[in-house]
Amino acid sequence: GTITTATGTLGEEGPMTRTVRAFVSAQAAALAGGISRPEDWEPIAAFIDTGSFKRVGAYLEELDWDAYKGFLTGWATGDTRFEFTEFHITEAGDAVFQEIEERHWRGEQFIRKNVIAVYRFTAEGKIRHLDIYEQAKDSGDWIKDAARKVNGSA
């Protein structure tokens with residue numbers, strides 16, 4: 001196999017980093033606009049290679065684009081509020097590694113977790129793959145339920 005290295009540090013964002021940041025901004029705007037059905041996530045499709053997209057989540061659930069929209073809908077409904085702080089972002093080869101702290105609120109429940117999101121891109125600059133790795137004391141029952149539902153184990 002090949003080894004991809006990142007040997008430099010730039011003072012400006014790379015093209016894939018800009019896409020990741022625009023993607024998460026579009027997700028936040030969709031969430032703020034109110035989510036009630038999977039079609040409410042269509043504005044983020046502009047960043048995705050919807051034909052080949054796969055997301056592998058914290059519970060090893062594997063989702064194509066349609067299933068991912070279903071998962072996001074289950075996660076977002078019920079007055080969910082979400083924010084995050086980015087600690088580091090690294091762009092190398094066809095990947096962006098984004099290290100963040102996520103904060104989720106739903107009713108009286110508050111969940112904080114450390115996450116590394118690994119985005120992989122097509123040659124055309126679309127997100128084709130997303131892996132989620134997390135550290136958490138409590139991942140949130142509604143988040144686990146959303147993953148189980150789309151994974152067919154609900």
Side-chain angles (χ1 to χ4, degrees), residues 1 4 6 16-122 125-154:
T4 301
M16 293 181 300
T17 297
R18 285 192 298 276
T19 298
V20 166
R21 291 197 170 136
F23 170 73
V24 297
S25 291
Q27 277 188 312
L31 189 60
I35 299 295
S36 60
R37 56 198 179 101
E39 293 76 24
D40 294 335
W41 294 106
E42 277 306 316
I44 68 173
F47 303 98
I48 304 291
D49 181 347
T50 58
S52 69
F53 179 78
K54 182 164 94 170
R55 177 201 185 261
V56 180
Y59 313 106
L60 298 180
E61 71 278 14
E62 294 190 16
L63 311 175
D64 65 10
W65 173 241
D66 286 334
Y68 183 52
K69 291 187 299 182
F71 165 76
L72 287 174
T73 302
W75 163 79
T77 54
D79 199 28
T80 295
R81 191 163 64 89
F82 171 75
E83 63 184 35
F84 74 90
T85 301
E86 184 180 273
F87 297 128
H88 299 100
I89 196 158
T90 302
E91 182 173 320
D94 71 345
V96 170
F97 301 83
Q98 185 187 43
E99 300 171 60
I100 60 177
E101 178 190 80
E102 292 185 352
R103 294 172 298 281
H104 304 252
W105 291 265
R106 189 174 202 181
E108 296 299 311
Q109 247 190 321
F110 170 71
I111 304 299
R112 189 186 79 220
K113 55 179 87 173
N114 295 328
V115 171
I116 293 181
V118 181
Y119 297 83
R120 303 254 177 215
F121 287 81
T122 65
K126 300 279 188 175
I127 300 166
R128 65 174 174 81
H129 195 99
L130 173 58
D131 287 311
I132 302 297
Y133 302 93
E134 72 174 45
Q135 298 172 320
K137 291 181 180 173
D138 180 357
S139 288
D141 289 340
W142 84 94
I143 301 169
K144 289 184 248 181
D145 289 344
R148 278 194 288 271
K149 209 176 265 184
V150 297
N151 216 22
S153 58

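Quick note: numbers below take in every heavy atom, side chains included, and nothing from hydrogens, waters or symmetry partners. All residue numbers refer to positions in the sequence shown, counting from 1.
Shown here are the salt bridge (charged side-chain N to carboxylate O under 4.0 Å, His left out) partners of Asp131, two or more places apart in sequence or in another chain: there are none. Scanning for salt bridge (charged side-chain N to carboxylate O under 4.0 Å, His left out) contacts around Glu108 gives an empty result, with sequence neighbours left out. Evaluation of the salt bridge (charged side-chain N to carboxylate O under 4.0 Å, His left out) rule for Glu101 yields Arg103, Arg112 as partners, not counting sequence neighbours. The side-chain hydrogen bond (donor to acceptor under 3.5 Å, both in side chains) search around Thr17 returns Glu91, not counting sequence neighbours. Residues forming a side-chain hydrogen bond (donor to acceptor under 3.5 Å, both in side chains) with Asp94 (at least two apart in sequence, or on another chain): Arg120, Arg128. Residues satisfying the side-chain hydrogen bond (donor to acceptor under 3.5 Å, both in side chains) criterion with Trp41, sequence neighbours excluded, are Thr73. Phe82 pairs by the ring-ring contact (aromatic ring centres under 6.0 Å, His included) definition with Trp75, His104, not counting sequence neighbours. Partners of Asp49 by salt bridge (charged side-chain N to carboxylate O under 4.0 Å, His left out), not counting sequence neighbours: none found.
Note that the CD1 atom of Ile48 and the CZ atom of Arg55 stand 11.0 Å from one another [nearest 0.5 Å]. Interatomic distance, Thr85 OG1 to Asn114 CG, rounded to the nearest 0.5 Å: 10.5 Å. The line from CZ of Phe71 to CG of Leu63 is 7.0 Å long, rounded to the nearest 0.5 Å. The distance from the NE2 atom of His129 to the OG1 atom of Thr122 is 14.0 Å, given to the nearest 0.5 Å. Distance check: Trp105 CH2 to Glu83 CD gives 3.5 Å after rounding to the nearest 0.5 Å. Atoms CD and CZ, on Glu42 and Arg37 in that order, are 9.5 Å from each other to the nearest 0.5 Å.
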For residues 23-36, run the donor-acceptor check on the side chains, cut-off 3.5 Å, and write out each pair with its distance to 0.1 Å, sequence neighbours left out.
from	atom 1	to	atom 2	distance (Å)
Ser25	OG	Arg21	O	3.0
Gln27	NE2	Tyr68	OH	3.3
Ser36	OG	Asp40	OD2	3.3

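Between the side chain of Lys54 and the backbone N or O of Trp65 there is no donor-acceptor pair closer than 3.5 Å.
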Under the side chain to side chain contact (heavy atoms under 4.5 Å, CB included) rule, what do Phe121 and Ile127 come out as? Steps first, then yes or no, please.
CA-CA 5 Å; Phe121 287 81; Ile127 300 166; 3.6 Å; yes

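Closest of all the heavy-atom pairs between Met16 and Val96 is CB-CG2, 3.5 Å. The shortest non-hydrogen separation linking Ala136 to Lys113 is CB-CB, 3.6 Å. Residue Gly125 comes nearest to Thr19 through the heavy atom pair O-CG2, 4.0 Å, listed as atom of the first residue, atom of the second, then distance. Residues Arg106 and Gly74 come closest through the heavy atom pair NH1-O, 4.0 Å. In terms of heavy-atom proximity, Tyr133 sits nearest to Val118 at CE1-CG2, 3.9 Å.
Residues Tyr119 and Gln98 are in side-chain contact: their nearest non-hydrogen atoms beyond the backbone lie under 4.5 Å apart.
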